[in-house]
Amino acid sequence: MKIGVPKEVAANERRVALTPDVAGRLVKGGFDVVVERGAGTAAFFPDAAYTTVGVQIGDRSSVIGQSDIVLQVQAPHAAELMQYREGGALVAFFQPTSEFLRQLAQRKLTAFSLVFLPRITRAQPMDVLSSQATVAGYKAVLLAASTTGRLLPMLVTAAGTLPAARVLVLGAGVAGLQAIATARRLGAIVSAFDVRPAVKEQVQSLGASFLEMAIEEHAETAGGYAKELSEETHRKELAFLAAAVKDADIVISTAAIPGKKAPVLITAAAVQGMKPGAVIVDLAAETGGNCELTEPGSEIVRNGVSILGPLNLASTLPRDASQMYARNLSAFLGHVVQDGRLRLDFEDQIIRDTCVTHAGEVRKS
Ligand code: NAD
């Protein structure tokens, strides 16, 4: 079975779907692997690192046109779809529009989007959402630390004592927990808030304090995600957080509701109450932002407060983000390929949830 890895073409994408380490293991496992020339360069993996482990280097048209499975980070360009092998398979990490699904189906591609991977225990090794959120949570703190005008740890020096910076993390899911751990390592005093009470213990085990707000409704779904809050509770939350952000030097916000616009947690009025020099890194910028003032993809300053809305942050640490992504993909391949063929058992939740088109049909809208 032939696996193809094209170079990512999006302007802000530096990751590559397979790293030499993982590609080499697939070669040992009996796959033919072909990588487009230069596909790993932006992630610091030169072509030679692939060829030493038995991977072939090819041009784009042969990689996408002659592989049984094409592995990518982002979705293919619609304009290029006709070059993919009819009936071939594609695995990538993308939120498809219905028009794009129609085009994938028209090309008779068996396409899997790992955005839809169920967050169940046996899918954990394939969990791209978690691995990339981990990278983003870490990088968010570094961005904030290099934007704020102050040091994060407490320092006692001959030039006087500097107090530790205060970091507030909103949303303590995968990215939030990694942000807490990173800010703690840098010596900050960290607190966190989430609507799911279950995370309190996880926050505290990382050495941060958990901000408590009485929430009278059940804010968690059976699947472990947050639910959208009622209007009244949301109003209460906004007032609670407007008070909490006043003290913060850095706010990292990560709150998300799967499939919905991100909840607004920091209003423009709350930003006015923050200290000059404070920084907000809004990781929810891709889905609208947790701060009312966030401009996705930009950095703005309001009343001395910097508000960063980075997009595709994982791609800014392309080496390790690719390494984790590639391992996730390899685990996914291990699940869907058996004896050199695709095993399309739609009774299996992992396959059913991630397969968006097959045999000319759109399976997921
Ligand atoms: P996410 O990106 O959907 O949301 C980030 C965080 O924002 C969540 O903790 C959520 O509770 C919080 N949030 C949402 N609305 C909020 C609001 N109004 N105010 C404050 N916080 C708000 O979440 P995620 O990081 O993808 O993970 C969500 C859950 O999935 C976690 O419980 C995690 O343990 C679980 N998970 C399970 C598996 C698995 O078993 N395979 C893998 C990964 C994650």
Side-chain angles (χ1 to χ4, degrees), residues 93 95 114-138 140 168-181 191-206 208 210-245 248 251-267 270 280-292 313-314 324-325 327-328 331-332 335 349-350 353-354:
F93 182 49
Q95 189 75 53
L114 297 182
V115 160
F116 301 114
L117 193 82
R119 309 297 278 284
I120 53 177
T121 307
R122 69 192 172 92
Q124 270 179 4
M126 317 165 198
D127 192 345
V128 169
L129 272 172
S130 287
S131 71
Q132 305 305 297
T134 298
V135 178
Y138 166 84
L168 171 62
V169 176
L170 303 180
V174 180
L177 290 172
Q178 190 55 232
I180 293 170
S191 55
F193 174 72
D194 199 298
V195 286
R196 293 182 300 121
V199 300
K200 177 177 173 180
E201 225 172 278
Q202 295 166 25
V203 166
Q204 289 172 338
S205 72
L206 291 170
F210 187 72
L211 301 183
E212 308 251 10
M213 175 186 124
I215 296 178
E216 266 120 50
E217 60 201 77
H218 194 62
E220 188 162 342
T221 63
Y225 282 112
K227 272 196 218 158
E228 221 166 356
L229 298 176
S230 67
E231 225 171 277
E232 192 193 331
T233 308
H234 185 225
R235 222 175 304 124
K236 237 173 95 181
E237 184 185 20
L238 288 179
F240 177 77
L241 293 179
V245 295
V251 178
I252 309 284
S253 70
T254 76
I257 310 280
K260 302 231 156 89
K261 197 176 166 300
V264 169
L265 305 184
I266 310 166
T267 59
I280 299 172
V281 177
D282 191 346
L283 283 189
E286 314 225 4
T287 50
N290 291 143
C291 175
E292 204 174 17
L313 209 43
M324 291 165 98
Y325 186 84
R327 287 190 189 144
N328 293 144
F332 185 75
H335 188 72
Q349 193 190 351
I350 295 175
D353 287 4
T354 54

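In this text, all values refer to a predicted model and were calculated from it rather than measured experimentally. Order of listing sets the numbers, starting from 1, for every ligand and every atom in it.
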So Phe210 and Phe193, would you call those rings parallel, tilted or perpendicular, with 30° and 60° as cut-offs? parallel
Just by distance, do the side chain of His234 and the backbone of Val264 share a donor-acceptor pair under 3.5 Å? yes
Considering the heavy atoms of Tyr225, write down every atom of ligand 1 situated less than 4.0 Å from one of them. 3 (O), 26 (O), 28 (C)
Provide the number and element of each atom of ligand 1 under 4.0 Å from a heavy atom of Gly171. 6 (C), 7 (O), 12 (C), 21 (N)
Interfacing atoms of ligand 1 (cut-off 4.0 Å, heavy-atom, Asp127): 42 (C), 43 (C)
Distance under 4.0 Å to a non-hydrogen atom of Ala226: what atoms of ligand 1 satisfy this? 10 (C), 11 (O), 13 (N), 14 (C), 15 (N)
Is the closest heavy-atom distance from Ser130 to ligand 1 below 4.0 Å? yes
At what distance is the nearest protein heavy atom to atom 2 (O) of ligand 1, and which residue and atom is it? Ala256 CB, 3.8 Å
Is at least one protein non-hydrogen atom found at under 4.0 angstrom from atom 43 (C) of ligand 1? yes
Ranked by distance from atom 5 (C) of ligand 1, the top protein heavy atom is Thr254 O, 3.4 Å
Nearest option to atom 25 (O) of ligand 1, as decided by whichever heavy atom of Val174, Leu211, Leu238, Val199 sits closest: Val174
Are more than 12 heavy atoms, taken from residues, nucleotides or ligands other than Lys227, located less than 6.0 Å from that residue's NZ atom? yes
Quick test: of every protein heavy atom, which one is nearest to atom 12 (C) of ligand 1, and how far off is it to 0.1 Å? Asp194 OD2, 3.3 Å
Give the single entry among Ala262, Gly259, Ala255, Gly173 that approaches atom 7 (O) of ligand 1 most closely by any heavy atom. Ala255
May I ask which of His234, Gln124, Arg196, Arg119 has a heavy atom nearer to atom 31 (C) of ligand 1 than the others do? Arg196
State if Ala172 counts as touching ligand 1 under the rule of any non-hydrogen atom under 4.0 Å. yes
When you measure from the side chain of Lys236 to the backbone N and O of Met213, does any donor-acceptor pair fall under 3.5 Å? no
Please check: side-chain N/O of Ser253 versus main-chain N/O of Val169, any donor-acceptor pairing under 3.5 Å? no
Does ligand 1 have a heavy atom under 4.0 Å from the side chain of Ile257, from its backbone, from both, or from neither? side chain
Do you know which two heavy atoms are closest between Lys261 and Gly288, and how far apart they sit? NZ-CA, 4.5 Å
Considering non-hydrogen atoms of the protein only, which is the closest contact for atom 17 (C) of ligand 1, and what is the distance? Glu237 OE2, 3.3 Å
Can a donor-acceptor pair be found, under 3.5 Å and without considering hydrogens, that links the side chain of Asp194 to the backbone of Ala172? yes
Is ligand 1 under 4.0 Å from a heavy atom in the side chain of Leu265, in the backbone, in both, or in neither? side chain
Against ligand 1, does Leu129 come closer than 4.0 Å with any heavy atom? no
So which heavy atom in the protein is nearest atom 29 (C) of ligand 1, and how far is it from that ligand atom? Gly224 O, 3.5 Å
Look only at the side chain of Asn290 and the backbone of Ala255, and say whether a donor-acceptor pair between them is shorter than 3.5 Å. yes
Tell me whether Leu229 has any N or O atom under 3.5 angstrom from an N or O of ligand 1. no
Taking the side chain as every heavy atom from C-beta outward, state whether Ile350 and Arg122 have any atom pair closer than 4.5 Å. yes
Would you say the side chain of Pro125 lies within less than 4.5 Å of the side chain of His335, judging by non-hydrogen atoms? no
Would a distance-only check, ignoring hydrogens and angles, find a side-chain to backbone donor-acceptor pair under 3.5 Å from Glu217 to Ser230? yes
Donor-acceptor pair, Asp282 side chain versus Ile252 backbone, under 3.5 Å? no
